[in-house]
Protein chains: 2
Amino acid sequence: MSFPANYLIEAQTDKLKRDGDLTRITALQAAAAQISEVGFHKTTISNVAARAGISQSGLLHHFPSKSALLAAVLDQREQDDSDFLFGEGVTPMGWAAFDSLVALTARNATRPEWVRLFVLVAAEGTAPSHPAHDWVTRHYRSMRSWLTDAIRDGVANGEISEAAPIDALAAGTIALLDGLQQQWVLDPQSVPLVQTVRVHVEGLKRLWTPGS
Amino acid sequence: MSFPANYLIEAQTDKLKRDGDLTRITALQAAAAQISEVGFHKTTISNVAARAGISQSGLLHHFPSKSALLAAVLDQREQDDSDFLFGEGVTPMGWAAFDSLVALTARNATRPEWVRLFVLVAAEGTAPSHPAHDWVTRHYRSMRSWLTDAIRDGVANGEISEAAPIDALAAGTIALLDGLQQQWVLDPQSVPLVQTVRVHVEGLKRLWTPGS
DNA sequence: GTCTATACCTCGATAGAC
DNA sequence: GTCTATCGAGGTATAGAC
């Protein structure tokens, strides 16, 4: 039920790059691919193993269970996103936070597999019994928390109007991003992902920049 | 694979209310409840049957397969939503379309089960092999189509600025609604659903109403 | 129209050889 | 560290009595 929070997290940062644990990397990629196609519930460790070119029990030698495999995939991807957003040493604040979300979206537009995986796991993880439930809950809380802080910071700077509805802007912007990614994954032709996000952010700036 | 488009649709409008097909109604409610809790992949017809107070094969007598059961649930709920949005005889256009989306959201806030079901099925249905894939694709296309038409109509009326980025407003607003519902389902305390949608729509009006 | 029984399949995880 | 073999559970759908 509960989800080992930082399961294998050091395995990635250290071990993975150290002695070239090739099969582990391959397995993680295979798992990500499979989950992104059919979701966690419908992926089978046999299929993942086959994609990775090993047997089912060979896979279970590296990851003790199906849930542990999911945990490893999620932590790896979140680390990657986090590096992109906050890796520059300074956490973007004020309108810059919104700009970096646009940048993240542009990056996601080149990684449909990860977007698909996130859309599926975020929805599945809605159920309290899902092995990723805690991960998903934490993910959204921390995104909203970061973005509200960023807006508050902008207000303190005078960059953002004091009348700005902080929580609504944070939750709403994240919602728009995710909802749009879902539409995009379902029907890429019909939805200009980055452009639509950009229009939203520009609208917010026009609305909530003081004296404009 | 493909999804019988209007499967059993007349069964609902006519038959359901006619001779009191109680078990069918009960089964549909049980299925909706189960799917909303764990998604379609993880619901089992045995569980649905148990909730409905009949045996598994008793359930399969009314719905030939698990997919057909899902189809019936989706059609029933969509009909319900559609009646709410368009049932007044006139299809809302211009800013009124956005207002009716706010009203729909307010209604959804009282129906967490349906919201949960939608969030789950919309994400699962992202996969082309999912039995609801066609339904979900059609749903989003028709929502976007209705809303872009509504905006275009508002522009023609002079109610909405000619500079309004029509497609981005339509896709973005729908995305914000759905993304927000997902956050709300995951963590109701943290997300004021209706209020956040209202703020978004008010922002759009301020931005894109001519001469304001 | 509802039941019991069951055929047939697939899955996650374990045991144990190499 | 990887394999084969297998256990035990749980899934959809069908057969056939009532």
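Residue numbers begin at 1 in each chain, while the letters A, B, ... track the order of the sequences. None of these values were measured; they are calculated from a predicted model.
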Send over the distance from A:Lys42 NZ to D:dG11 P, rounded to a whole Å. 15 Å

With distance as the sole criterion, is a donor-acceptor pair present between the side chains of B:Thr44 and B:Asn47 under 3.5 Å? yes

Remember a base hit wins even if backbone is also touched, and classify A:Thr44 as base, sugar-phosphate or nothing at under 4.0 Å, heavy atoms. sugar-phosphate

Among C:dG1, C:dA15, C:dC3, which is the nearest nucleotide to the side chain of B:His61? C:dG1

How many whole angstroms separate atom CG of A:Asn47 from atom C1' of C:dT10? 11 Å

Roughly how many Å is it from CD1 in B:Ile45 to C1' in D:dG11, rounded to a whole number? 8 Å

Between D:dT14 atom C1' and B:Leu59 atom CG, what is the distance in whole Å? 15 Å

Rounding to a whole Å, what distance do you find between B:Leu69:CG and D:dG11:C1'? 15 Å

So does A:Ser55 get a side-chain nitrogen or oxygen closer than 4.0 Å to the phosphate oxygens (OP1/OP2) of D:dC3? yes

Working for side chain to side chain donor-acceptor pair (under 3.5 Å), residues B:Asn108 and B:Thr105: CA-CA 5 Å; B:Asn108 282 346; B:Thr105 306; 5.6 Å; no

Could you tell me whether the side chain of A:Thr23 has a donor or acceptor atom within less than 3.5 Å of a complementary atom in the base of D:dT2? no

Rounded to whole angstrom units, what separation is found between the CZ atom of A:Phe63 and the C1' atom of C:dT14? 19 Å

Relative to A:Phe40, does A:Lys66 satisfy both conditions: NZ or CZ under 6.0 angstrom from the six-membered ring centre, and within 45 degrees of the ring's axis? yes

5' priority, DNA chain C, between B:Gln56 and A:Lys66 [closest heavy atom]: B:Gln56

If you compare every side-chain N and O of B:His62 against the phosphate oxygens of C:dT2 (OP1, OP2), does one of them come in below 4.0 Å? yes

Does a donor on one side chain sit under 3.5 Å from an acceptor on the other, for A:Gln183 and B:Arg144? yes

Integer-rounded Å distance: D:dG11 P and A:His41 NE2: 12 Å

Across the strands shown, which category fits A:Leu60 at heavy-atom distances under 4.0 angstrom: base, sugar-phosphate, nothing? base

Under 3.5 Å, is there a donor-acceptor pair linking the side chains of B:Arg51 and B:Gln29? no

